[in-house]
Amino acid sequence: MKDGKVVVLEQDKSSTRIGARLLGDRARAVWRTLQIWLRHYETPDGDRCMRYIFFVNQWVSSPIATLLKQQSAGQMQATDVVQALRKIGSKRSLSKIQEIIDDVLRRSDDVLLFIVSRIEIVEASDPISERKSIANGLGLNPRADAEDILNGLFGWLTNRMRAEWSEGRAGVITRTEILIQSHALQAKQASSRFLPRAAAEIVIDEKVRQGALSRNFVEHLGRIEAENEDVVQAVDHFLKFSIEKHRLVRAGDVPDVEWRNRSARLRERWAGVMRRRRRELAERSKTEIGQTVLADVTYDHRENLDGHACDELYMTSGHYHRLADEDEIWWDPTFQQGGLK
């Protein structure tokens, strides 16, 4: 489209059969398409269309296809192609295609020349290189899964065209609409890529799990006599958080500043819980207070990550234990950071 006028018309012809005659001399694909293009030409502003494209998914070599390709390459005059069309049409038959051929050829040579002189045949090359070329033309993010984006775009294009045709409208899609859809698909993919993996997808080696038992965050749990189940979960969440944070950092999906900001938010929440529980449970032992604070901050809370909901519990619980490993938070209310422990 240009200034609201159709300047290019395209017909796609494809077949899964190797060697299929997609553009045979008397093939419906050729003559019905010519009929459609001629009818468009006869509409107001129809002469604004400057390109008529046959896109085929296989090499075509029929006489008429060869002539059209030679004409497009400047190796033959459009008048020769028009003469060839009239010669093909003169070989009459009782088939239904003859009616379409007769309708096309009732136009004058000048009208046929206008269409024929602007016909191009585009033959699909290697699908892999074609998709790479399309992805490059769309300016896809280098980190995007190009195959997934292109499949989404092709599906959207197919559905859009079917909807337009089913309501009797021309299937017209602008480049701007395609780019908007492409950006939407990339944003959706980035959001999906950003989300931490499910806990069940992260496998922890038993030796690594055993090695983590000597870390500082486990010592903090020992100071409040945490139950064995709490220790097992803490180790599991600590390791899974560390693995997933490393993956997200390498991918660049979460900026470094967000990890610092998230740690600050968790420390602030922990400090508030600790103050409240120390007041409410003033008569209780440090063990009871510590176990209550541990439950309050690691059992249910799920902290957002870079503005996105983060539903995997290990991403919050594990982050808390990472902070405990560095003595930035603790469970024992009598513990003194940087002082006598």
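Reckoned from all heavy atoms, side chains included, excluding hydrogens, waters and symmetry mates.
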Quick one: salt bridge (Lys or Arg N to Asp or Glu O under 4.0 Å) partners of [X], sequence neighbours excluded?
| X | answer |
| --- | --- |
| Asp311 | none |
| Lys245 | none |
| Arg278 | none |
| Glu227 | none |

Answer whether the closest heavy-atom distance between the side chains of [X] and [Y] falls below 4.5 Å.
| X | Y | answer |
| --- | --- | --- |
| Leu185 | Gln181 | yes |
| Lys286 | Ile224 | no |
| Tyr320 | Glu303 | no |
| Lys13 | Gln11 | yes |
| Leu266 | Val297 | no |
| Val254 | Val249 | no |
| Leu22 | Asn57 | yes |
| Ile36 | Thr33 | no |

[X]-[Y] side chain donor-acceptor pair, cut-off 3.5 Å:
| X | Y | answer |
| --- | --- | --- |
| Ser95 | Gln98 | no |
| Gln210 | Glu206 | yes |
| Ser182 | Gln186 | yes |
| His220 | Asp325 | no |
| Arg322 | Ser263 | no |
| Glu244 | His246 | no |
| Asp110 | Ser108 | no |
| Gln83 | Arg86 | no |
| Asn151 | Arg131 | yes |

Validation row, ring centre His321 to ring centre Phe217 under 6.0 Å: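 Centroid distance His321-Phe217: below 6.0 Å, so yes.
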If you measure from the Lys or Arg side-chain nitrogens to the Asp or Glu carboxylate oxygens, is any gap between [X] and [Y] under 4.0 Å?
| X | Y | value |
| --- | --- | --- |
| Lys96 | Glu99 | no |
| Arg106 | Asp102 | no |
| Glu42 | Arg39 | no |
| Arg267 | Glu328 | yes |
| Glu120 | Lys69 | no |
| Glu312 | Arg302 | no |
| Arg160 | Glu164 | yes |
| Asp25 | Lys91 | no |
| Arg265 | Glu258 | yes |
| Glu10 | Arg51 | no |

Would [X] and [Y] show up in the same hydrophobic cluster when neighbours are defined by side-chain heavy atoms closer than 4.5 Å?
| X | Y | value |
| --- | --- | --- |
| Leu150 | Val122 | no |
| Leu157 | Val56 | no |
| Ile119 | Trp59 | no |
| Met50 | Leu9 | yes |

Check whether more than 12 heavy atoms from other residues, nucleotides or ligands sit under 6.0 Å from atom [atom1] of [X], and answer yes or no.
| X | atom1 | result |
| --- | --- | --- |
| Glu225 | CD | no |
| Gln75 | CD | yes |
| Arg276 | CZ | yes |
| Glu326 | CD | yes |
| Arg284 | CZ | no |
| Arg169 | CZ | yes |

Closest heavy-atom contact between [X] and [Y]?
| X | Y | answer |
| --- | --- | --- |
| Arg107 | Leu112 | O-CD1, 4.0 Å |
| Lys240 | Ala199 | NZ-O, 3.0 Å |
| Ala84 | Ile64 | CB-CD1, 4.4 Å |
| Gly24 | Val30 | O-CG2, 3.5 Å |
| Arg247 | Arg197 | NE-NE, 3.7 Å |
| Leu221 | Val231 | CD1-CA, 4.1 Å |

Under 30°, 30 to 60°, or over 60°: which ring-plane class applies to [X] and [Y], parallel, tilted or perpendicular?
| X | Y | value |
| --- | --- | --- |
| Trp270 | Trp330 | perpendicular |
| His319 | Trp259 | tilted |
| Phe114 | Tyr41 | tilted |

Contacts of type ring-ring contact (aromatic ring centres under 6.0 Å, His included), residue His237, not counting sequence neighbours: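 If we apply the ring-ring contact (aromatic ring centres under 6.0 Å, His included) test to His237, skipping adjacent residues, there are no hits.
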Partner set under ring-ring contact (aromatic ring centres under 6.0 Å, His included) for Phe54, not counting sequence neighbours: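 Listed in chain order: Trp37.
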Could you give the distance from [atom1] ([X]) to [atom2] ([Y]), rounded to the nearest 0.5 Å?
| X | Y | atom1 | atom2 | result |
| --- | --- | --- | --- | --- |
| Phe238 | Gln233 | CZ | CD | 14.5 Å |
| Asn261 | Asn304 | CG | CG | 13.0 Å |
| Met274 | Asp296 | CE | CG | 10.0 Å |
| Ile149 | Phe154 | CD1 | CZ | 11.5 Å |
| Asp332 | Leu294 | CG | CG | 12.0 Å |
| Ile115 | Leu38 | CD1 | CG | 5.0 Å |

